[in-house]
Student: 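Below is the structure I would like to discuss, written out as structure tokens.
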Amino acid sequence: MKILIAGAGAMGSRFGLMLHQGGNDVMLVDGWQEHVDQIKEHGLQADYNGEDVVVDLPIMAQSNIDQPFAADLVILFTKAMQLEGMMQAIRPLIHEKTNILCLLNGIGHEDTIEKYVPLEQIFIGNTMWTAGLVGPGKVKLFGDGSIELQNLAPGHETNAKELAAALSESGLNAKYSENIHYSIYRKACVNGTMNGLCTLLDVNMHNFGMTSPARDIVTAIVAEFSAVAAAENVQLDVAETVGYVEQCYPTEKIGLHYPSMHQDLIKDHRLTEIDYINGAIVRKGEKYGIATPYCRFLTQLIHTKEELLDAK
Ligand code: NAD
Ligand code: AOT
């Protein structure tokens with residue numbers, strides 16, 4: 001399959017590497033020129049489960065889409081605020097049979113994608129894989145993960161199942177979801193708790209989870225997500241979802257992972273996706289008349305930290 005990875009940072013590099021190793025024809029597109037130059041010159045360098053791996057993957061700069069590549073599948077892996085720009089840039093590579101898969105964290109990205117591609121070609125989902133960028137051209141990848149995805153347009157279930165099967169052939173462990181909006185909200189609860197809190201407290205998920213107030217804080221935030229989700233006919237069980245978040249704590253699972261927001265803000269002084277996670281819950285709460293004080297405070301604190309660190 002010809003697969004375009006649109007946004008080849010930490011996660012895009014992981015997926016590019018695994019899909020290439022699985023025998024697919026992979027092309028990367030990225031907006032960070034230094035990263036693009038490094039990959040062009042030295043290949044993608046990865047610490048892959050403790051082993052040094054170099055993969056020679058073709059890459060185009062987002063500002064200079066200069067090679068023809070008729071993608072069967074586009075996997076979107078920008079940060080949320082970069083999605084619109086990426087959709088505009090890759091337009092020439094999308095044809096009427098190109099499937100578009102969005103696995104970004106956060107809620108409501110389909111509204112952006114629908115502006116560029118018919119609903120029938122769009123698949124949305126979420127992933128429990130993780131990845132870290134060490135520097136331009138270099139990633140660190142460890143642990144296991146999974147993907148859940150579903151078609152947006154009714155009647156395209158078979159395509160979604162085939163897409164999941166094709167990704168699984170490269171070891172990505174993808175499953176078709178009957179209710180992807182539930183899965184997305186449930187994963188958003190992981191990001192809505194772990195990302196902002198671990199960033200502000202400068203800890204990994206294990207260290208946060210071992211503190212005595214952790215359960216109360218997580219429960220309060222999940223309750224806000226659950227109330228907003230219910231207004232959109234998505235039923236989240238608060239206790240079950242808190243348990244799901246807490247599965248992130250053990251070090252033998254992914255407890256040692258620093259959420260991507262921590263990588264962005266604390267390590268690299270970059271702006272965060274908070275407005276697409278907790279901020280999205282605040283906006284939806286306003287729309288539905290639901291109070292979301294924890295999400296509002298967390299969003300404000302992250303924006304405060306962004307300003308203090310002069311994040312760009
Ligand atoms: P990323 O920040 O690594 O990459 C996104 C884009 O930002 C890429 O184009 C990358 O080149 C660019 N970029 C990264 N560092 C930069 C720097 N220092 N200067 C300039 N540009 C830079 O993003 P990601 O972690 O791959 O996340 C992509 C999506 O997947 C997000 O929605 C994220 O929330 C989600 N996600 C991430 C993880 C994870 O473990 N990283 C896990 C699950 C989901
Ligand atoms: C994560 N991390 O989604 C992934 O870092 O943004 C992130 C992220 C899988 C399970 C738990 C956390």
Side-chain angles (χ1 to χ4, degrees), residues 5-17 28-39 44 59-63 75-83 85-86 89-90 101-109 112 124-148 172-173 183-184 186-199 204-206 208-209 218 241 244-250 253-278 280 311-312:
I5 307 284
M11 291 297 283
S13 295
R14 170 187 273 288
F15 274 56
L17 186 153
L28 309 177
V29 174
D30 198 70
W32 185 15
Q33 192 61 47
E34 212 184 331
H35 185 56
V36 173
D37 293 343
Q38 285 291 325
I39 293 177
L44 173 68
I59 183 162
M60 288 191 267
Q62 188 177 325
S63 58
I75 305 183
L76 297 167
F77 259 134
T78 60
K79 281 283 160 57
M81 48 285 189
Q82 303 163 329
L83 181 59
M86 180 59 81
I90 62 170
L101 173 62
C102 177
L103 296 175
L104 272 63
N105 281 332
I107 296 165
H109 301 308
T112 304
I124 57 170
N126 58 31
T127 179
M128 296 301 279
W129 288 100
T130 62
L133 258 184
V134 182
K138 287 193 185 140
V139 288
K140 185 173 168 99
L141 312 172
F142 66 91
D144 286 330
S146 57
I147 299 168
E148 287 186 85
L172 281 162
N173 193 16
S183 307
I184 288 175
R186 192 163 172 259
K187 168 80 195 285
C189 287
V190 174
N191 300 117
T193 52
M194 295 300 102
N195 288 26
L197 295 168
C198 291
T199 300
N204 62 32
M205 299 193 286
H206 173 75
F208 169 74
V218 168
T241 308
Y244 178 66
V245 173
E246 291 178 342
Q247 286 175 25
C248 295
Y249 300 160
K253 293 210 175 146
I254 47 172
L256 297 176
H257 174 67
Y258 282 79
S260 54
M261 192 173 288
H262 183 282
Q263 296 176 29
D264 290 338
L265 188 52
I266 305 303
K267 186 172 149 278
D268 296 331
H269 295 190
R270 295 173 68 216
L271 293 168
T272 71
E273 294 181 300
I274 197 76
D275 286 335
Y276 301 85
I277 307 171
N278 304 80
K312 300 276 186 296

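Note that the numbering runs from 1 along the sequence shown for the chain. Start at 1 and go down the list; that is how both ligands and their atoms are numbered. These numbers come from the heavy atoms of this one structure, side chains and all, not from hydrogens, waters or symmetry mates. Computed from a predicted model, the values in this text were never measured in an experiment.
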Student: Taking non-hydrogen atoms only, is His257 closer than 4.0 angstrom to ligand 2 via side chain, backbone, both or neither?
Tutor: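 The part of His257 near ligand 2 is the side chain, not the backbone.
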Student: As an exercise, state the distance from CD of Glu148 to NZ of Lys187, rounded to the nearest 0.5 Å.
Tutor: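 Atom-to-atom, Glu148:CD and Lys187:NZ are 10.5 Å apart.
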Student: Has the side chain of Asn173 got a donor or acceptor atom that lies under 3.5 Å from a matching backbone atom of Gly145?
Tutor: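 Checking the backbone N and O of Gly145 against the side chain of Asn173, a donor-acceptor pair under 3.5 Å is found.
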Student: Using a 4.0 Å cutoff against the non-hydrogen atoms of Asn105, which atoms of ligand 2 qualify?
Tutor: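 Taking each heavy atom of Asn105 in turn, ligand 2 has 3 (O), 6 (O), 7 (C), 8 (C) under 4.0 Å.
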Student: Relative to the heavy atoms of His257, which atoms of ligand 1 are at a distance of less than 4.0 Å?
Tutor: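 This gives 40 (O) as the contact atoms.
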Student: Starting from atom 9 (C) of ligand 2, which protein heavy atom do you reach first, and at what distance in Å?
Tutor: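 Going atom by atom, the protein heavy atom closest to atom 9 (C) of ligand 2 ends up being Met128 O, 3.5 Å.
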Student: For atom 10 (C) of ligand 2, what is the nearest protein heavy atom, given as residue, atom name and distance?
Tutor: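 Scanning the protein heavy atoms, the shortest distance from atom 10 (C) of ligand 2 goes to Ile254 CD1, 3.1 Å.
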Student: Considering non-hydrogen atoms of the protein only, which is the closest contact for atom 5 (O) of ligand 2, and what is the distance?
Tutor: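 Scanning the protein heavy atoms, the shortest distance from atom 5 (O) of ligand 2 goes to Ser260 N, 2.6 Å.
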Student: Roughly how far, to the nearest 0.5 Å, is CD of Gln82 from CG of Asp30?
Tutor: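 Atom-to-atom, Asp30:CG and Gln82:CD are 8.0 Å apart.
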Student: What atoms of ligand 1 come closer than 4.0 angstrom to any heavy atom of Glu273?
Tutor: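 Within the 4.0 Å cut-off of Glu273, ligand 1 contributes 31 (C), 32 (O), 33 (C), 34 (O).
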Student: With respect to Ala10, determine whether any N or O atom, backbone or side chain, lies less than 3.5 Å from an N or O atom of ligand 1.
Tutor: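 It does: an N or O of Ala10 is found under 3.5 Å from an N or O of ligand 1.
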Student: Judged by atom type as modelled, is there a donor-acceptor pair below 3.5 Å linking the side chain of His206 to the main-chain atoms of Tyr249?
Tutor: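 Yes; judged by distance alone, with no hydrogens or angles, the pair exists.
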Student: Answer yes or no: does an N/O atom from Tyr258 fall short of 3.5 Å to an N/O atom of ligand 2?
Tutor: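 Among all N and O atoms of Tyr258, none is under 3.5 Å from an N or O of ligand 2.
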Student: Counting from 1, what ligand 1 atoms have a heavy atom of Lys187 closer than 4.0 Å?
Tutor: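 So the answer, numbered in order with elements, is 43 (C).
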Student: Which of the atoms of ligand 1 are close to Leu104, meaning less than 4.0 Å from one of its heavy atoms?
Tutor: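 Contacts of ligand 1 toward Leu104, numbered from 1: 32 (O).
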Student: In the protein, what heavy atom is nearest to atom 19 (N) of ligand 1, and what distance, to one decimal place, separates them?
Tutor: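 Looking at atom 19 (N) of ligand 1, the protein heavy atom closest to it is Trp32 CE2, 3.4 Å.
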Student: Distance under 4.0 Å to a non-hydrogen atom of Asn191: what atoms of ligand 2 satisfy this?
Tutor: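 What qualifies from ligand 2 is 3 (O), 6 (O), 7 (C), 8 (C).
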Student: Indicate the atoms forming the closest heavy-atom contact of Pro259 with Asn195, along with that distance.
Tutor: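 Looking at all heavy atoms of both residues, the shortest contact is CB-OD1, 3.3 Å.
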Student: Within ligand 2, which atoms have a heavy atom of Pro259 less than 4.0 Å away?
Tutor: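 Heavy-atom distances to Pro259 below 4.0 Å select 5 (O).
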Student: Taking only heavy atoms of Asp30, which atoms of ligand 1 are found under 4.0 Å from at least one of them?
Tutor: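 Counting from 1, the qualifying ligand atoms are 8 (C), 9 (O), 10 (C), 11 (O).
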Student: Out of curiosity, Leu76 CG to Leu101 CG, how far, rounded to the nearest 0.5 Å?
Tutor: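 Spacing of CG (Leu76) from CG (Leu101) equals 7.5 Å.
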Student: Under 4.0 Å from ligand 2, counting heavy atoms only, is it the side chain of Met261, its backbone, both or neither?
Tutor: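 Neither; no heavy atom under 4.0 Å.
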Student: Can you list the ligand 1 atoms lying under 4.0 Å from a non-hydrogen atom of Trp129?
Tutor: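 Those of ligand 1 that fall under 4.0 Å from Trp129 are 42 (C), 43 (C).
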Student: For Lys312, is the nearest heavy atom under 4.0 Å from an atom of ligand 1?
Tutor: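 Under 4.0 Å: no for Lys312.
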Student: Consider every N or O of Trp129 and every N or O of ligand 2, then say whether any pair is closer than 3.5 Å.
Tutor: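 Such a contact does not occur with ligand 2.
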Student: Under 3.5 Å between any N/O of His35 and any N/O of ligand 1: does that happen in this structure?
Tutor: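 No - when backbone and side-chain N and O of His35 are compared with those of ligand 1, no distance drops under 3.5 Å.
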Student: Which of the atoms of ligand 1 are close to Thr78, meaning less than 4.0 Å from one of its heavy atoms?
Tutor: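 Listed by number with element, the hits are 28 (C), 29 (C), 31 (C), 32 (O).
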Student: Nearest to atom 13 (N) of ligand 1, what protein heavy atom do you find, and at what distance?
Tutor: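 Checked against all protein heavy atoms, atom 13 (N) of ligand 1 sits closest to Arg270 NH2, 3.2 Å.
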